[in-house]
Protein chains: 2
Amino acid sequence: MRTEIKPIRPDRTLLRQAVTDRIKTYIIDNRLKPGDPLPTEAELCEALNASRSSLREAIKTLAALDIVEVRHGSGTFVGRLSLSALVESLTFRGLLSPEDDLRALLDLVEVRQLFEEGMAAQIIERLDGEHLADLEQATAELEQCPPGSAAQVEADRKFHQLLMQPLGNQLISQLTGAFWDVHAIVAPYLGMSSPAEDADTVAAHRAMVEAARGRDADAFAAAVVAHYAPVRRRIAAAGRA
Amino acid sequence: MRTEIKPIRPDRTLLRQAVTDRIKTYIIDNRLKPGDPLPTEAELCEALNASRSSLREAIKTLAALDIVEVRHGSGTFVGRLSLSALVESLTFRGLLSPEDDLRALLDLVEVRQLFEEGMAAQIIERLDGEHLADLEQATAELEQCPPGSAAQVEADRKFHQLLMQPLGNQLISQLTGAFWDVHAIVAPYLGMSSPAEDADTVAAHRAMVEAARGRDADAFAAAVVAHYAPVRRRIAAAGRA
DNA sequence: CAAGATTTGTGCGTATGTATC
DNA sequence: AGATACATACGCACAAATCTT
């Protein structure tokens with residue numbers, strides 16, 4: 001067949017892995033930002049000396065991490081760098097074993113509480129009037145929205161998101177959103193609507209806002225504990241059932 | 001060309017997405033655990049009515065989330081469900097913009113501190129003699145290992161991992177490990193070895209162990225703050241340079 | 001609105017490298 | 001060492017979505 005020397009790839013690594021790395025470095029080296037377009041598949045194939053199959057498989061792994069975003073018929077773009085991969089990982093784990101799923105949900109609630117309770121002092125310290133007004137509005141929305149509506153769950157998410165905003169820590173904000181998402185996805189599967197017991201939730205949110213207005217970090221932390229207490233109770237109740 | 005009615009796929013979703021979902025539900029429905037083998041590509045192709053291309057791309061996205069693990073020449077297995085995807089996402093983001101990378105690292109340090117400081121009380125409460133001995137050994141290893149060695153950084157990781165172990169919260173433990181990994185990967189790129197300034201680190205670890213032995217949650221929290229203070233200082237110094 | 005061009009999605013066949021028995 | 005099973009990689013053709021003219 002081949003009369004000449006076989007062009008054995010000297011790489012010890014998998015071609016797909018090499019391609020993913022080169023695409024990542026391409027994005028970094030060219031200072032691309034989320035939404036910026038990447039070269040077409042054909043161009044990348046030529047540039048990286050890879051077949052279209054290998055290139056596409058590499059792109060799929062990057063898409064799973066939200067490092068790139070592929071739009072059918074349009075092109076490939078730099079992704080939003082969200083924590084969607086974390087959400088998918090945790091939701092899958094939460095649904096994996098029907099015995100440990102309650103444990104996983106409890107672990108998640110503990111982490112959510114850790115964030116808000118542990119950052120209570122700094123939240124109070126950095127909160128200003130505008131943020132306080134936003135929190136009040138989110139609470140009002142939560143109360144007024146029809147129970148079980150999409151607007152209601154969105155108001156709950158916005159509230160917890162707003163809590164972390166004054167910290168100016170993007171990682172904390174994104175993790176908070178990701179954990180909320182996982183909770184909202186997993187909880188219904190276990191027979192409990194996450195922002196259920198609306199009265200409890202609204203009261204807890206109000207207590208947090210009041211504590212924040214009074215610049216009382218201890219009261220705020222206590223309100224956070226009170227907010228998650230009924231959630232934990234419901235999980236425990238589901239475990240006994 | 002086609003005399004018969006076109007076999008339009010009623011699905012509005014992409015085939016690839018449908019395949020990933022069906023593989024996930026396959027794992028869940030069959031109660032598979034990490035390490036369990038999955039059907040071969042050929043079998044999955046037939047079972048899911050998909051071509052190898054689509055199936056492989058679907059598997060690559062699942063592999064990126066550590067939901068499945070592919071071993072060349074051997075087969076496909078259920079993944080370890082680690083948070084490797086989170087590590088990859090955060091490391092990429094940390095290296096993305098040379099201006100905000102210091103900010104991203106600072107955000108990360110803040111989260112790491114939040115975990116250990118926020119859980120101080122519960123760590124103290126649930127710690128027993130055995131855990132205390134493990135922590136002391138990890139500290140001793142950290143001190144004795146040659147500076148800059150792989151054993152040294154591993155001792156540091158083990159210490160922070162052990163801290164969270166008594167909580168019995170797998171999510172917290174895995175997140176702690178993931179954040180440590182990101183820190184260890186990103187920090188060197190910014191010109192600072194993560195577990196550098198060995199004296200500071202060892203002293204801080206010792207202070208934490210002592211506080212834990214004395215069941216003094218406040219002292220423990222203070223030691224955590226003292227542990228990350230020099231790290232923050234170094235990041236700030238790198239920002240001024 | 002229409003038609004063509006561009007780009008990603010899907011399918012298939014074949015050859016090769018790798019792990020396992 | 002050989003044989004078998006399996007994943008990896010390549011190339012091409014066509015379908016579907018999107019964009020442009």
Side-chain angles (χ1 to χ4, degrees), chain A residues 1-23 26-27 32 35-79, chain B residues 1-23 26 32 35-64 66-79:
Chain A
M1 336 278 196
R2 297 289 171 78
T3 62
E4 54 183 334
I5 302 171
K6 285 197 300 182
I8 303 173
R9 184 169 3 107
D11 304 314
R12 211 73 191 99
T13 66
L14 262 34
L15 175 58
R16 211 181 38 247
Q17 185 59 39
V19 171
T20 63
D21 290 342
R22 291 189 63 179
I23 294 178
Y26 174 88
I27 294 175
L32 298 186
D36 288 348
L38 264 58
T40 67
E41 291 183 351
E43 291 170 334
L44 284 174
C45 284
E46 176 144 12
L48 304 181
N49 269 319
S51 72
R52 203 170 151 221
S53 317
S54 302
L55 177 78
R56 283 179 57 81
E57 290 180 10
I59 286 185
K60 263 59 200 174
T61 69
L62 292 177
L65 304 173
D66 203 16
I67 290 177
V68 305
E69 176 190 349
V70 182
R71 300 179 205 156
H72 189 176
S74 176
T76 308
F77 306 82
V78 178
Chain B
M1 329 279 203
R2 297 288 169 81
T3 63
E4 55 182 334
I5 302 172
K6 286 198 300 181
I8 303 175
R9 184 165 2 110
D11 305 314
R12 215 70 192 108
T13 66
L14 262 32
L15 175 59
R16 209 182 41 241
Q17 186 59 39
V19 171
T20 63
D21 290 342
R22 291 189 62 179
I23 294 178
Y26 174 88
L32 298 187
D36 287 348
L38 264 59
T40 68
E41 289 185 352
E43 291 171 335
L44 284 174
C45 284
E46 177 145 10
L48 304 180
N49 271 319
S51 70
R52 263 184 176 74
S53 316
S54 301
L55 177 78
R56 284 178 58 81
E57 290 179 8
I59 286 186
K60 262 59 198 175
T61 70
L62 291 177
D66 203 15
I67 289 178
V68 305
E69 176 190 350
V70 182
R71 299 180 205 156
H72 190 170
S74 176
T76 307
F77 306 81
V78 178

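Note that these values count all heavy atoms, side chains included, but never hydrogens, waters or copies made by symmetry. Quick note on labels: first sequence line is chain A, next is B, and so on, each numbered from 1.
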Would you mind reading off the distance between [X] atom [atom1] and [N] atom [atom2], rounded to a whole angstrom?
X	N	atom1	atom2	answer
Arg16(A)	dT18(C)	CZ	C1'	14 Å
His72(A)	dC14(D)	NE2	P	17 Å
Glu69(A)	dT7(C)	CD	C1'	15 Å
Phe77(B)	dA19(C)	CZ	P	12 Å
Glu41(B)	dC12(C)	CD	P	15 Å
Arg71(B)	dC21(C)	CZ	P	12 Å
Leu14(B)	dA15(D)	CG	P	17 Å
Leu15(B)	dA17(D)	CG	P	13 Å

Side-chain heavy atoms of Val68(B) within contact of Val78(B), under 4.5 Å:
no

Any strand counts, and the cut-off is 3.5 Å on both contacts for Watson-Crick or G-U wobble. Which nucleotide pairs with dA1(D)?
none

Contact check, residues 52-62 of chain A vs DNA chain C, heavy-atom distance under 4.0 Å, returns Arg52(A), Arg56(A), Lys60(A)

Got a donor-acceptor contact below 3.5 angstrom from the Ser54(B) side chain to the Ser51(B) backbone?
no

Ser74(A) side chain to Arg71(A) backbone, donor-acceptor under 3.5 Å:
no

Please determine if a side-chain N or O atom of Thr76(A) lies less than 4.0 Å away from the OP1 or OP2 oxygen of dT8(C).
yes

Using OP1 and OP2 only, check whether a side-chain N or O of Ser74(B) sits under 4.0 Å from dA19(C).
no

Worked check of side chain to side chain contact (heavy atoms under 4.5 Å, CB included) between Arg52(B) and Glu57(B)
CA-CA 8 Å; Arg52(B) 263 184 176 74; Glu57(B) 290 179 8; over 6 Å; no

What heavy-atom pair brings [X] and [Y] nearest, and what distance separates the two atoms?
X	Y	result
Leu62(B)	Ile23(B)	CD1-CG2, 3.5 Å
Leu55(B)	Glu41(B)	CD2-O, 3.2 Å
Tyr26(B)	Leu32(B)	CE2-CD1, 3.8 Å

